[in-house]
Amino acid sequence: MRITLLIQGAPYASDAPRSALRFARAAVRSGHRIHRAFFYNDGVYIANAFATPPRDETDVAAQWVDFARSHDVDLTVCVAASLRRGIVDDGEAEQYELGGANLRDGFEIVGLGQMVEGMLEGDRTVTFGA
Amino acid sequence: MRITLLIQGAPYASDAPRSALRFARAAVRSGHRIHRAFFYNDGVYIANAFATPPRDETDVAAQWVDFARSHDVDLTVCVAASLRRGIVDDGEAEQYELGGANLRDGFEIVGLGQMVEGMLEGDRTVTFGA
Amino acid sequence: MRSVLYLVRKPPGPLANEMIDMMLVSGVFEQPARVLFLDDGVRQLAGGQDASLVDRKDTAKAMNALPAYDVDELFAHAGSLAERAIDPDDMAVKARIVEDDEVAALLRAADVVVTD
Amino acid sequence: MRSVLYLVRKPPGPLANEMIDMMLVSGVFEQPARVLFLDDGVRQLAGGQDASLVDRKDTAKAMNALPAYDVDELFAHAGSLAERAIDPDDMAVKARIVEDDEVAALLRAADVVVTD
Amino acid sequence: MSLVHLVGRESGLDACLRHVGPDDAVLLFADGVYAASRARTTTATVLAIEDDANARGVRVESPVVAVGYDRFVDLVVSHDASVTWT
Amino acid sequence: MSLVHLVGRESGLDACLRHVGPDDAVLLFADGVYAASRARTTTATVLAIEDDANARGVRVESPVVAVGYDRFVDLVVSHDASVTWT
């Protein structure tokens with residue numbers, strides 16, 4: 001089956017990004033496909049490239065990127081939710097004169113339409129809330 | 001009196017930064033002094049300079065900076081909490097080769113010792129939790 | 001086309017407003033979309049809210065924009081309203097009051113349930 | 001010197017570990033510091049936790065480092081433990097069990113109460 | 001020693017009421033104002049921030065007292081310490 | 001139509017049990033496993049992620065069934081839709 005994930009919790013205040021990743025790994029092991037992971041609300045904080053966890057902590061953002069590359073998963077963050085929280089790509093950095101971009105490699109900034117499309121195209125959609 | 005504030009909630013998921021600001025304004029109106037505002041846990045997300053809320057939303061980070069400048073308040077974010085969440089100053093950007101810094105003007109990255117000092121020096125400490 | 005039920009269980013505020021944005025986009029995509037307010041979610045419907053007092057955008061006002069985007073089936077759980085002493089005749093948003101059995105039916109009628 | 005009581009009411013996890021870091025710094029500053037576990041906070045004390053299973057740092061292990069920094073007065077609320085069926089004889093962290101009246105006294109003995 | 005209990009979330013009220021002393025005050029603010037109606041049955045002194053209540057369509061009724069943020073400050077200053085329940 | 005209820009927080013269990021149908025399943029994961037002991041008294045089928053329980057020092061006892069994430073996936077696939085209660 002094709003499964004779409006909606007992840008709404010921040011990396012530290014919530015277990016959502018970690019639980020969703022463990023779900024996604026198990027889904028792939030069972031022969032399913034993670035069609036798209038869409039990060040929304042405080043979930044978008046995961047896409048901040050400047051995040052530098054200490055060496056003795058697992059880096060769930062890096063783990064998500066590795067997983068997505070190995071299994072061809074779209075890692076997407078909502079443009080409006082990201083912009084108001086300060087996660088921006090080069091185009092936005094220029095447009096809003098922010099002096100720098102911080103979108104993590106492997107993530108793509110997209111509109112909410114991509115999430116709705118994900119729901120329409122996936123056989124199942126699972127929400128991982130904050 | 002000298003009052004120290006500890007703010008632990010993120011700008012959107014929590015009311016903590018807004019409630020704390022309204023408390024701080026009232027304290028100053030009543031002749032007290034806000035000695036230090038220390039942002040911790042997900043509270044540090046407020047110090048991301050790239051955050052660009054839409055024009056029809058109030059920008060609580062900008063309001064905090066204005067207030068702090070007018071009333072000589074130390075606006076501080078914890079270095080460890082900020083670094084793992086991707087809020088970094090120029091020195092950290094260079095040290096960790098991050099390709100950019102995003103600490104908002106008006107905020108200072110400090111160690112936890114500054115918070116403990118704030119507790120010791122303030123006549124009152126108020127926590128605004130997530 | 002896959003239908004979605006937005007299950008709203010959180011009180012009003014910035015995150016609630018972001019979920020409304022998602023509902024509006026479902027409307028734009030002409031996805032069959034319903035909204036069910038349950039538990040603390042019914043607080044979004046309470047009359048007499050003035051979000052400007054705390055520098056927030058008005059959640060109820062945003063909710064009222066949904067029908068213009070063809071998201072016009074809004075439901076509020078009777079028990080959740082009663083527990084919170086919210087008067088169904090004085091709601092800021094027009095929603096049909098539903099009992100427990102209708103909640104169960106709404107949850108089962110959707111292809112996708114998205115929670116806030 | 002102003003004394004602090006850390007009032008811990010949240011379950012273990014990354015945020016709990018950050019609060020422990022603050023407690024350690026209180027110890028470094030030789031600030032009189034106590035820690036009181038209440039409500040879901042007592043879950044940080046439960047025996048048999050293995051945080052590595054979910055790729056987390058061990059909260060109880062970090063708590064056990066506190067006495068080395070002279071933060072050695074840890075208290076756990078008896079009622080909160082009982083409600084969660086946590087056996088006081090099988091706790092991962094050594095804390096003195098206190099009843100309601102002692103909780104009230106601890107809250108009132110501190111110059112500053114910091115919550116998690 | 002007296003405390004002011006700062007309740008910033010509805011569930012915080014029940015948690016704090018178990019530990020309120022006779023000279024304490026309880027202040028409901030932010031989403032804590034949702035506990036205003038339940039707070040009417042306690043013997044403790046309970047206040048609620050009026051703007052936070054009105055923003056949420058919550059009515060503050062006696063014996064709970066509607067106050068402004070200036071009173072929030074007064075409560076913090078006039079009690080020995082504050083305890084936040086969120 | 002059957003649902004799998006995904007309970008990611010302790011308070012989510014009570015919220016979901018009011019709306020569980022006879023063909024539904026309830027899965028406790030993340031902090032939802034803290035509800036494992038209370039879940040033993042319901043007639044609904046309740047499962048709990050074993051790693052999430054062991055990480056928190058929570059024992060999963062019959063009739064609640066300890067499972068892995070593979071079963072989480074199976075539950076999502078074998079039910080018509082999932083509902084998350086956090």
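Every chain is numbered from 1 and lettered A, B, ... according to where its sequence line falls, protein lines coming before strand lines.
The side-chain heavy atoms of C:Val114 and A:Tyr40, taken from C-beta on, include no pair separated by under 4.5 Å.
Contact annotation for A:Phe38: only side-chain heavy atoms (C-beta onward) come within less than 4.5 Å of a heavy atom of chain C. Contact of A:Met119 with chain C is made through backbone and side chain together, with heavy-atom distances under 4.5 Å. The contact between A:Arg84 and chain C is made entirely by side chain atoms (from C-beta outward), counting heavy-atom distances below 4.5 Å. Only the side chain of C:Val4 comes within less than 4.5 Å of a heavy atom in chain A; its backbone stays farther off. For C:Val112, the part lying under 4.5 angstrom from a heavy atom of chain A is the side chain only. If you measure heavy-atom distances from C:Asp116 to chain A, the contacts under 4.5 Å come from the backbone alone.
Heavy-atom neighbours of C:Phe29 CZ from other residues, nucleotides or ligands within 6.0 Å: above the threshold of 12. Within 6.0 Å of CD on A:Gln95 lie more than 12 heavy atoms contributed by other residues, nucleotides or ligands. Enclosure of atom CG in A:Asp105 is not indicated, since only 12 or fewer non-hydrogen atoms of other residues, nucleotides or ligands lie within 6.0 angstrom. Within a 6.0 Å sphere centred on CD of A:Glu121, other residues, nucleotides and ligands contribute more than 12 heavy atoms.
The most heavy-atom pairs under 4.5 Å with chain C, out of A:Thr4, A:Asp123, A:Asp42, come from A:Asp123. Among C:Val28, C:Asp111, C:Leu15, the residue with the largest count of heavy-atom pairs under 4.5 Å with chain A is C:Leu15.
Partner of C:Arg2 under the side chain to side chain contact (heavy atoms under 4.5 Å, CB included) criterion, out of A:Val116, A:Leu120, A:Thr125: A:Leu120 alone.
Distance alone, capped at 3.5 Å, is enough to place a donor-acceptor pair between the A:Gln8 side chain and the C:Thr115 backbone.
Scanning all heavy atoms of the two residues, the minimum distance from C:Val113 to A:Thr127 falls at O-OG1, 3.9 Å.
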